[in-house]
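As structure tokens, the structure follows; a few thoughts come after it.
Residue numbering restarts at 1 for every chain, and letters A, B, ... go by the order of the sequence lines. Heavy atoms only: backbone and side chains are in, while hydrogens, waters and symmetry mates are out.
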Number of protein chains: 2
Amino acid sequence: MYICLMEFKEAKNKFVQTWGALGSQWGINKTMAQIHALLMVSHEPVSMEDIMEELQISRGNASMNLRALMDWGIVYKEYKAGERREFFTAEKDLDELAVKISRERSKREIKPALKILKEVSSIQSDNTAAEKHFVNQTTKLYDFVLQADNVLDKITEYKDNWLAQLLVKFMKK
Amino acid sequence: MYICLMEFKEAKNKFVQTWGALGSQWGINKTMAQIHALLMVSHEPVSMEDIMEELQISRGNASMNLRALMDWGIVYKEYKAGERREFFTAEKDLDELAVKISRERSKREIKPALKILKEVSSIQSDNTAAEKHFVNQTTKLYDFVLQADNVLDKITEYKDNWLAQLLVKFMKK
DNA sequence: TTAAAGTTTCAAAAAAAAATGAAAGTTTGT
DNA sequence: ACAAACTTTCATTTTTTTTTGAAACTTTAA
């Protein structure tokens, strides 16, 4: 019984650390990913105090990263009856989580990059081979990124799409 | 004519900067992304000297990031006849580029994370609701990440797959 | 209206990541 | 075997990113 309790805490901690590391490798700050991990595996809504305590972080850090997670739409504030404090929960549906993360990254990073790509691929260039290659390559890149971005957009619709479902089963063999 | 030359250099620089910024938002170091961008739009193989010059970086930095790009399999060394120096080229086929990046990220980051996820979801937990929820949630996450990772793996096969091609056309509307 | 309970902000500090550059190491032609 | 031409390494420095914490702010209940 005691051993099991330790194992749980250990496992939970390992998960939070791993998720944090994975996050930072993908350009999401470690604490933000850790808070998200913690909320994902928490049965009940968690107060800011508890988050600070469990992750050993400052109030300011907790507050800023919780705000960021809420801006991403993957963490929610909850109010408990008769409680002054605020509690937090994570989006626990993984499909929904993926959709929201895709949407935000698209909006914040991919769309602006596309704009620049379009711009730089539009210089006039009936000149050197180097210029022709530049225009050709950036145009291809624009098309490619646009298509990849659209695929992400379409993830939303995907679940309603029997043909896609069938295909994935087929690809999984 | 003079104006056009300026525009080209300007555009090239803008592209390199943008690609660098995008890289760092996705956990790839800025210089590495910039070198890659530079090689992508260069018609001819580029020497290390030229890379250092164009990006205003040190020899050591150039050397280390070129090595990293070659480890990823997206930049190649080339030898020119009668030239002592080494030249570099980028993988310019974008499908190939995507496949290689997916493969590397899967190998370096997703596979290790999966291993930990499996581990932590395997604690025995006929105990509290909290433990049950933890096991349930991490198991779901494991399945989800595994499936997402497999989809990336299958991108390789995808191009040979008429049904998938059809589907994408269908999804694009 | 006040004070208690709580949250947010932001300038400054700390930590982490990336870049430098000089020394060590390679390779090639003679 | 030598030296010239070039590349790599890694301890140190620089830059960037993240974190802290104390002050300012907000909300609620009495």
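- For the pair Asp50(B) CG and dC6(D) C1', the computed distance is 14 Å after rounding to whole Å.
- For the pair Thr31(A) and dT19(D), the criterion of a side-chain N or O lying under 4.0 Å from OP1 or OP2 is met.
- Under the side chain to side chain donor-acceptor pair (under 3.5 Å) criterion, Lys14(A) pairs with Glu119(B), sequence neighbours left out.
- Residues forming a side chain to side chain donor-acceptor pair (under 3.5 Å) with Thr139(B) (at least two apart in sequence, or on another chain): none.
- Bracketed by its first and final contacts, the part of DNA chain C lying under 4.0 Å from non-hydrogen atoms of chain B reaches from dA18(C) to dT28(C) in 5' to 3' order.
- Listed by first and then second residue, the ring pair (Phe, Tyr, Trp, His ring centres under 6.0 Å) pairs that reach into residues 115-139 of chain A are His133(A)-His43(B), Phe134(A)-Phe8(B), sequence neighbours excluded.
- A donor-acceptor contact closer than 3.5 angstrom is absent between the side chains of Thr31(A) and Asn65(A).
- Each salt bridge (charged side-chain N to carboxylate O under 4.0 Å, His left out) pair with one or both residues in residues 30-48 of chain A, not counting sequence neighbours, would appear here, but there are none.
- Residues meeting the ring pair (Phe, Tyr, Trp, His ring centres under 6.0 Å) test with Phe88(B), sequence neighbours left out: none.
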Just the table, please: protein N/O against nucleotides 8-17 of chain D N/O, every pair under 3.5 Å.
{"unit_1": "dT8(D)", "atom_1": "OP2", "unit_2": "Ser63(B)", "atom_2": "OG", "d": "3.2"}

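- Met52(A) places its CE atom 9 Å from the P atom of dT20(D), with the value rounded to the nearest Å.
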Scan the side chains in residues 66-74 of chain A for donor-acceptor partners under 3.5 Å anywhere in the protein, sequence neighbours excluded, and list what turns up.
none

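- Within the structure, the salt bridge (charged side-chain N to carboxylate O under 4.0 Å, His left out) test picks out the following pairs touching residues 48-58 of chain A (sequence neighbours left out): Lys12(A)-Glu54(A), Glu49(A)-Arg59(A).
- Rounded to whole Å, the distance from CG on Leu66(A) to P on dT19(D) is 13 Å.
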